[in-house]
Amino acid sequence: MVTTTGLLADLVRNVGGEHVNVVSLVPDREDPHSYEPTLRRARDVVYADVAFSNYLLLEQHNVIKTLDANLRDDAVNVSLAEDAVKYAAEIIPLVENVNLDTIWLGLRAAGDGAAYGADRSSDVLLSATALDGPGRMVGYLTGSFGDPEVYFDSGDGFDAGDGFRDDTALLPVDAHTHMSWAFTEPGVYELTVQARIQVDERSASQPLGESTVLFAVGVPPGSAAPGRTVLGEGHADITVDLDTGGLEVRHDPEGGGEGAQQVHRLEDVVIDVPTTALAEVPGDRRLGFLGRPGDALYQLPQAVLGKHVHGEIDPHLWQDVGNVMAYTELIRDTLAGADPEHALAYRDRAEAYLEELAALDRHVRETIGDIPEDRRYLVTTHDAFAYLAQAYDLRIGGFVTPNPAAEPSLADRRKLGEAIRTLQVPAVFVEPNLQARASVLTEVATEEDVAVCPIYGDTFDEDVTTYVELVRFNARSLHDCLA
């Protein structure tokens, strides 16, 4: 048998036992994202009956090319991350631009306004009338050709004398729009909004209601607004309900569309603008209203046609033990199909290993569950722990680069320092095999006087030699360093 990584080799050994001889193309301590296989490793592939890779673009491309080019035509070649979906493995997007990994907050006019005599030519006016916060807030829309339209800007105040004309968004009835929200400083912002309807050009506008929207910008939303519902993902709209005449938030947390929307009073929610939303004013002169190019700002980005913008599927499925249980079932059936003579032995060993993994999953939940919720922020070397966060109720507070093969920029460094300061994390986490690339993280941690703790991502070393050891080590390290 041949696998691409030592982690996969360990899974195969647990199922295959004495009936398999497993060789890994990527040695322990090496990074599968960047490892270049040797000629000796290529010769190992030639003799394999079965090959297991993770793929979903996890492994460096030459690793996959070495595997596929040298494997015999009659050998079995399995991509675990892709095929394990049939065994109920869950996959999540890998966000190419972390600044898009936020809630998308738009505006909506719900209903037809018939009670007010409105028709499709009528306007719903949503105005920003006051802002209490540590910095400036701008709400704007970028058109199809990149030209911006500013809806709200607290920088020049709010003028009631002209009906807040310069801080008003107009919507047709029964319509919604996406927009970007930019904030210049971290902290808590309270925005007052007012809704009106204008049936036609000859009629005066009719008031519909007024309320406030709370934003937690670069600070933990739970402590910023205790007791409020935190909206931090999916798609939400500040909504004028033309049937009731009130203001509310309609929230679709998982992209299910209007049918999946949850309705909240504005006073009951807080909009999370996380540290990962920290960006810089771009050099485009059309966006000069945001500030000087390079100035820092926090931004909730505009969604495109309501679709979530994301990159490739995150390949690090094994950080969720439930996904490795799916891997195990796929390995069991693959080995049984390739070697029917020992199929019963493979099934028995897989059953025992699945029981061990189920206990491991419970152990991780209990261990991480002991960490206070407001301290469950994970700052790491690269973005390899989304499955860990999703499965075990952690939050990604920041990382040096999305990919360990990329060099961090000065903006990455600033963003990392800001995340550590505003979230008040007690520790950051470094993968032992990426120590050479962790200098930025350790330097920033030293500057901010926080601990540097180990966490294992893609590979083993002399201290951690099995998948179960890896998961137990990570859970213990997270607990000891965060709790």
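In what follows, every heavy atom counts, from backbone to side chain, and hydrogens, waters and symmetry copies are set aside. Predicted model only: the values in this text are computed from it and were never measured. The residues of the chain are indexed from 1 along the displayed sequence.
Around atom CG of Asp449, no more than 12 heavy atoms belonging to other residues, nucleotides or ligands sit under 6.0 Å away. At most 12 non-hydrogen atoms from other residues, nucleotides or ligands lie less than 6.0 angstrom from CG of Asp73. Within a 6.0 Å sphere centred on CD of Glu447, other residues, nucleotides and ligands contribute more than 12 heavy atoms. Around CD of Glu462, the count of heavy atoms belonging to other residues, nucleotides or ligands within 6.0 Å exceeds 12. At most 12 heavy atoms of other shown residues, nucleotides or ligands fall within 6.0 angstrom of atom CD in Gln424.
Salt bridge present: Asp49 and Arg72 bring a charged side-chain N and a carboxylate O closer than 4.0 Å. Residues Arg250 and Asp237 are not paired through a salt bridge, judged by the lack of any N-O separation under 4.0 Å between the basic side chain and the carboxylate. Comment: Asp268 does not engage Arg228 in a salt bridge, judged by the lack of any side-chain N to carboxylate O separation of less than 4.0 angstrom.
At least one side-chain heavy atom of Asn323 sits less than 4.5 Å from a side-chain heavy atom of Tyr387. Gln390 is listed as a side-chain neighbour of Glu90, based on a closest heavy-atom distance under 4.5 Å. Looking only at side-chain heavy atoms (C-beta outward), Pro37 and Thr66 come within less than 4.5 Å of each other. In this structure, the side chains of Trp318 and Asp458 come closer than 4.5 Å at one or more pairs of heavy atoms.
Within the 6.0 Å centre-distance limit, the rings of Phe215 and Trp181 are counted as a close aromatic pair.
Across all non-hydrogen atoms, the minimal contact from Asp272 to Gly232 is CB-CA, 3.9 Å. Considering all non-hydrogen atoms of both residues, Val23 and Arg41 come closest at CG1-NH1, 4.4 Å. Heavy-atom minimum distance, Ser53 versus Leu8: C-CD1, 3.6 Å.
Rounding to the nearest 0.5 Å places CG of Asp10 at 9.5 Å from OG1 of Thr3.
Taking Val281 as the reference, Leu290, Asp295, Leu297 meet the side-chain contact (heavy atoms from CB on, under 4.5 Å) condition, with sequence neighbours excluded.
Between the side chains of Asp361 and Tyr392, a donor-acceptor pair is found at a separation under 3.5 Å.
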I would like to know whether Leu394 and Ile368 meet side-chain contact (heavy atoms from CB on, under 4.5 Å); could you show each step before the answer?
-> CA-CA 8 Å; Leu394 292 161; Ile368 293 178; 4.0 Å; yes
